[in-house]
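The structure under discussion appears below in the form of structure tokens.
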Amino acid sequence: MRNGRPLVLEEEWEKVISLRTKEFDPGMPPPFRIAEIRAAIPKHCWVKNPWRSMSYVGRDVAIVFGLVAVAAYINSWVVWPLYWAAQGTMFWALFVLGHDCGHGSFSDSHKLNNVVGHLLHSSILVPYHGWRISHRTHHQNHGNVDKDESWHPLSESVYRSLDTTTMKLRFTFPFPMLAFPLYLWTRSPGKRGSHFNPESDLFGQNDRIDVITSTACWMAMAALLAGLTFIMGPLQMLKFYAIPYLIFVMWLDFVTYLHHHGHDEKLPWYRGKEWSYLRGGLTTLDRDYGWINNIHHDIGTHVIHHLFPQIPHYNLIEATKAAKPVLGKYYREPEKSAILPFHLLGILLKSLGRDHYVRDTGDVLYYEKDSKS
């Protein structure tokens, strides 16, 4: 007996106190399994409602054409910058709905997902299946230095091998925010392949027809844009489509980068046996975009999305709230945003200035800063 308690119970109590007072290490394996997170999420959160999904498509498409009509009617240089910002954001919203089609969270109908996904993504010059397959690779390998596909860290040897131009494009704002079109054609530094080529390392033999189909849809949209440019003139197409497209690209790179970078507490990346689907997914981050949250379909609610991409976007907030007691400190509460998420610009710039590479060796890794930069 000690302090009125049996010795065995006293030892167990000391273990509990030790665990509670020990500094949290995000690189340690979590004390829960993915099945426990899944069990905490209400069953109705997994249900896909195609009518509700289509209502978001209808809303967004109506806004896109409405913005075109208003801009064309007023046709003032006071209005054009507002149009570009709004329309670029709506192109990004269309992308997110196509992204849901790619995950199968849009509906249970494979055909509906593919038809809507092609229409939405082709309209903003994204090859639907090519991107869907590479994005699937990203989710299946999130947090894995060697196998992740999207905004993964560069190893030190790859980083040191970059030429000056590539280094500037990768780490100097605003160039990384314009990377997506280049990524579609050439992938990331250290990787080869194209989202348009069915022979690319990105794809298997079973993907060939899908990739060809999406590339054909992309080419059809490119031809339509070329025809409209001939009819309307280059300046009009620049104002109505090209500049909003660039704004969309910036949104996409901005959001996807910050879902995996920029937390004050450095988060781990993994190699080899240290990596698991759960540990990799827990290194992702939720972000608050203020008024934009609803417009881009709560894509900032990202941790649960990464672990369970089958959950429809309109149920992610409820699912996250239910899962947080299980996740504990492995969930990082996002900083609250004002109406517009300008606070994230500072986080982005800070990350670009310090998160340069990870070491060539080791299985639990953290970003390091180039001392010469």
Side-chain angles (χ1 to χ4, degrees), residues 48 53 91-107 110 113-153 176 179-188 190-198 200-204 206-215 217-218 248-261 269 277 280-281 283-287 296-313 316:
K48 306 159 193 174
S53 296
F91 281 12
W92 164 234
L94 294 179
F95 175 87
V96 174
L97 292 176
H99 154 275
D100 289 357
C101 291
H103 279 301
S105 62
F106 189 87
S107 78
H110 185 70
N113 292 338
N114 284 344
V115 170
V116 175
H118 270 105
L119 290 172
L120 294 175
H121 274 193
S122 298
S123 72
I124 49 175
L125 294 177
V126 177
Y128 171 69
H129 280 308
W131 174 86
R132 174 187 65 79
I133 294 164
S134 74
H135 190 65
R136 180 184 65 197
T137 301
H138 165 55
H139 270 259
Q140 290 173 340
N141 297 280
H142 47 208
N144 189 312
V145 171
D146 298 321
K147 297 181 180 180
D148 202 345
E149 179 62 30
S150 175
W151 286 118
H152 59 85
F180 183 64
L182 187 64
Y183 165 71
L184 290 177
W185 287 99
T186 64
R187 296 177 75 190
S188 304
K191 295 182 183 288
R192 295 182 178 180
S194 166
H195 289 74
F196 300 92
N197 181 2
S200 170
D201 292 343
L202 276 166
F203 312 120
N206 293 336
D207 300 322
R208 182 179 178 83
I209 299 301
D210 284 345
V211 175
I212 291 173
T213 300
S214 294
T215 299
C217 290
W218 187 95
F248 145 65
V249 167
M250 294 183 75
W251 264 117
L252 188 153
D253 283 317
F254 179 67
V255 170
T256 53
Y257 181 90
L258 287 175
H259 283 160
H260 302 276
H261 297 78
W269 288 77
Y277 181 83
T283 66
T284 59
L285 296 163
D286 280 8
R287 297 291 188 184
H296 69 185
H297 309 293
D298 292 313
I299 194 65
T301 313
H302 206 66
V303 177
I304 290 301
H305 164 69
H306 244 273
L307 292 172
F308 307 110
Q310 310 88 348
I311 296 178
H313 76 263
L316 284 173

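Because the structure is predicted, anything quoted here is derived from the model rather than measured.
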Scanning both residues in full, the closest heavy-atom pair of Leu120 with Leu97 reads CD1-CB, 3.7 Å

CG/Asp298 to CG/Leu316 distance, rounded to the nearest 0.5 angstrom?
7.0 Å

Considering non-hydrogen atoms only, spot the tightest contact between Val126 and Trp218 and give its length.
N-CD1, 3.8 Å

Which residue is it: His297, His121, His305? I am looking for the one with a ring-ring contact (aromatic ring centres under 6.0 Å, His included) to His99.
His305

Gap separating the CG atom of Asn197 from the CH2 atom of Trp185, nearest 0.5 angstrom:
10.0 Å

Any donor-acceptor pair under 3.5 Å from Asp253 side chain to Ala179 backbone:
yes

Testing the 3.5 Å rule here: is there a donor-acceptor pair between the side chains of Asn113 and Ser107?
yes

Which atom names give the shortest non-hydrogen contact between Cys101 and Gly117, and what distance separates them?
SG-N, 3.7 Å

Aromatic centroids of His306 and His259 separated by under 6.0 Å:
no

Separation between CD1 of Ile212 and CZ of Phe196, rounded to the nearest 0.5 Å:
14.0 Å

Anything under 30° is parallel, anything over 60° is perpendicular, the rest tilted; go ahead and classify His302 against His139.
tilted

So that I know where these two stand, are Trp92 and Phe254 an aromatic pair - ring centroids less than 6.0 Å apart?
no

Centroid-centroid under 6.0 Å between Phe248 and Trp251 rings:
no

When rounded to the nearest 0.5 angstrom, what is the spacing between CG in Asn114 and NE2 in His129?
4.0 Å

If the threshold is 4.0 Å, N to carboxylate O, is there a salt bridge linking Glu149 and Arg187?
yes

Heavy atoms only: give me the nearest Ser200-Gly193 pair and the separation to one decimal.
OG-CA, 3.2 Å

For a quick check under 3.5 Å, do His118 and Ser214 share a side-chain donor-acceptor pair by atom type?
yes

Determine whether a donor-acceptor pair (N or O, by modelled atom type, separation under 3.5 Å) exists between the side chain of Lys48 and the backbone of Gly104.
yes

Using a 4.5 Å cut-off on heavy atoms from C-beta on, say whether the side chain of Val255 contacts that of Arg287.
no

Say you draw a straight line from OG1 of Thr283 to CH2 of Trp269; how long is it, rounded to the nearest 0.5 Å?
6.0 Å

Asp286 CG to Leu258 CG distance, which is reported to the nearest 0.5 Å
12.5 Å

Between Trp151 and Tyr183, is any pair of side-chain heavy atoms under 4.5 Å apart?
no

Kindly indicate whether the side chain of Asn141, heavy atoms from C-beta on, has any atom under 4.5 Å from the side chain of His152.
no

Considering all heavy atoms of both residues, which atom of His260 and which atom of Thr256 are nearest to each other, and what is their separation?
CD2-O, 3.2 Å

Of all heavy-atom pairs between Leu307 and Tyr277, which one has the smallest distance, and what is that distance?
O-OH, 2.9 Å

Answer with yes or no whether the side chains of His195 and Ser134 bring together a donor and an acceptor at under 3.5 Å.
yes

Distance flag, aromatic centroids of His103 and His135, threshold under 6.0 Å:
yes

